[in-house]
**Student:** 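Attaching a single structure in structure tokens format; questions to follow.
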Amino acid sequence: MNNNVLIGYKRRDNFVDHLTGTTKLIGLIALSVIGMVSFDTRFLLVLTIGSLALFRLSGIKFHEVSFILSFITAFSVLNLIAVYIFGPQYGVHLYGSEHVIWQGVGPYNLTWEQLFYEFNLFLKYIFTVPLALVFLMTTNPSEFSSSLNRIGVSYRISYAVSLALRYIPDVQNDYRQISKAQQARGNEISKKGKLTHRVKAAAQILLPLIFTSLDRIETISQAMELRRFGKLKKRSWYAEKPMKRSDFAALMVIALVVVIGICLFKLNAGRFYDPFR
């Protein structure tokens, strides 16, 4: 696998890569849930710093995920704008006070409460995206399926998820090959062409890409049927890793973070930290 894939596993010799898929899966779920539920800005800042530090320790290069980060950033900005358009006074109702920065038209006043609320949303985006990328790009798909099965998910579902993750790089490579073939025939898809022409040319790639993917699915499903996949209730896993001290240490840190987040609910008398009181 080359470094130009959008999302895909690549072996990295570091602390994060040596953790088992079970530990990383539990960490992703637990930290994402507590981070999404909490609106304590102090807690979210700590989670964001920890998430970015973990991303740095994982050894993932920025150019490997630059496209997906650009896409998510654009989507996040649009979402924050939409939140203000459809609920410009939501922060005011949430915190029970109003400090106007700029007097707008009708309900569209710019307030510190609304900015503070949307800042919390922004922090949630920042800390969850690196966590998800670290998990996807440092976890072997086969090991991930064994991790799902270890926590109680059916091995049939686990293997299906593993196949989906495993073929993401293949689909990307197919897209590039079809794109190069289209460009060789005179269809300009690069940045040199007009945007409308590039969108139209990119849409023409989807049909052969879909048929290529369906052909791959058919081949895999027939191979699995010939091997009588799913006949037994349980199965063994070739890529399963035993839990080590580093895994238990990481789980203890994750549990501590979750406990702190729950304690802040009681301290703040709810999920929200209100600096305007």
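Predicted model only: the values in this text are computed from it and were never measured. Heavy-atom basis, side chains included; hydrogens, waters and symmetry copies ignored.
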**Student:** Apply side-chain contact (heavy atoms from CB on, under 4.5 Å) to residues Phe55 and Val129 and explain how you reach the verdict.
**Tutor:** CA-CA 10 Å; Phe55 184 84; Val129 172; over 6 Å; no
**Student:** Output, in order, the C-alpha distance, side-chain angles, deciding distance and verdict of side-chain contact (heavy atoms from CB on, under 4.5 Å) for Ile101 and Thr111.
**Tutor:** CA-CA 5 Å; Ile101 304 173; Thr111 62; 5.8 Å; no
**Student:** Given the rule that I, L, V, M, F, W and Y join up when any side-chain heavy atoms are under 4.5 Å apart, are Val46 and Leu31 in one cluster?
**Tutor:** no
**Student:** What about Ile60 and Leu28, same hydrophobic cluster or not, with Ile/Leu/Val/Met/Phe/Trp/Tyr joined at side-chain heavy-atom distances under 4.5 Å?
**Tutor:** yes
**Student:** What's the shortest heavy-atom distance between Gly35 and Leu47, and which atoms?
**Tutor:** CA-CD1, 3.8 Å
**Student:** Is the backbone N or O of Gln103 less than 3.5 Å from a side-chain atom of Asn109, with the two atoms forming a donor-acceptor pair by type?
**Tutor:** no
**Student:** Does the Lys NZ or Arg CZ of Lys124 fall within the cation-pi geometry relative to Phe119 - under 6.0 Å from the ring centre and within 45° of the axis?
**Tutor:** no
**Student:** If we count only N and O atoms by modelled type, under 3.5 Å, do the side chains of Thr23 and Thr20 hold a donor and an acceptor together?
**Tutor:** yes
**Student:** Would you check if the side chain of Glu113 reaches a backbone N or O of Tyr95 as a donor-acceptor pair within less than 3.5 Å?
**Tutor:** no
**Student:** What heavy-atom pair brings Pro130 and Ser51 nearest, and what distance separates the two atoms?
**Tutor:** CB-OG, 3.2 Å
**Student:** So Tyr117 and Tyr90, ring pair (Phe, Tyr, Trp, His ring centres under 6.0 Å) or not? Walk me through it.
**Tutor:** CA-CA 8 Å; Tyr117 169 69; Tyr90 185 74; 5.0 Å; yes
**Student:** Measure the shortest side-chain to side-chain distance between Leu110 and Val100 over non-hydrogen atoms and say whether it is less than 4.5 angstrom.
**Tutor:** no
**Student:** Determine, using the 4.5 Å side-chain heavy-atom cutoff (strictly less than), whether Leu19 and Leu52 are members of one ILVMFWY cluster.
**Tutor:** no
**Student:** Output yes when a side-chain donor or acceptor of Thr138 lies under 3.5 Å from a complementary backbone atom of Val134, and no otherwise.
**Tutor:** yes
**Student:** For Asp40 and Asn268, work out which heavy atoms get closest and say how close.
**Tutor:** OD2-ND2, 2.6 Å
**Student:** The test is side-chain contact (heavy atoms from CB on, under 4.5 Å); show your working for Ile68 and Leu133 and say whether it passes.
**Tutor:** CA-CA 10 Å; Ile68 190 64; Leu133 290 176; 4.2 Å; yes
**Student:** Main chain of Val92, side chain of Glu98: is a donor-acceptor contact present, judged purely on distance under 3.5 Å?
**Tutor:** no
**Student:** Walk me through whether Phe265 and Ser38 qualify under side-chain contact (heavy atoms from CB on, under 4.5 Å).
**Tutor:** CA-CA 8 Å; Phe265 295 161; Ser38 175; 3.9 Å; yes
**Student:** Between Asn14 (side chain) and Ser58 (backbone), is there a donor-acceptor pair under 3.5 Å?
**Tutor:** yes
**Student:** Using only atom types and a distance under 3.5 Å, with no angle test, would you say the side chain of Arg271 pairs donor to acceptor with the backbone of Phe39?
**Tutor:** no
**Student:** Identify which one of Leu54, Leu25, Ile29 satisfies the side-chain contact (heavy atoms from CB on, under 4.5 Å) criterion when paired with Phe135.
**Tutor:** Leu25
**Student:** Can you name the nearest heavy-atom pair linking Phe127 to Leu44, along with the distance?
**Tutor:** CE2-CD2, 4.4 Å
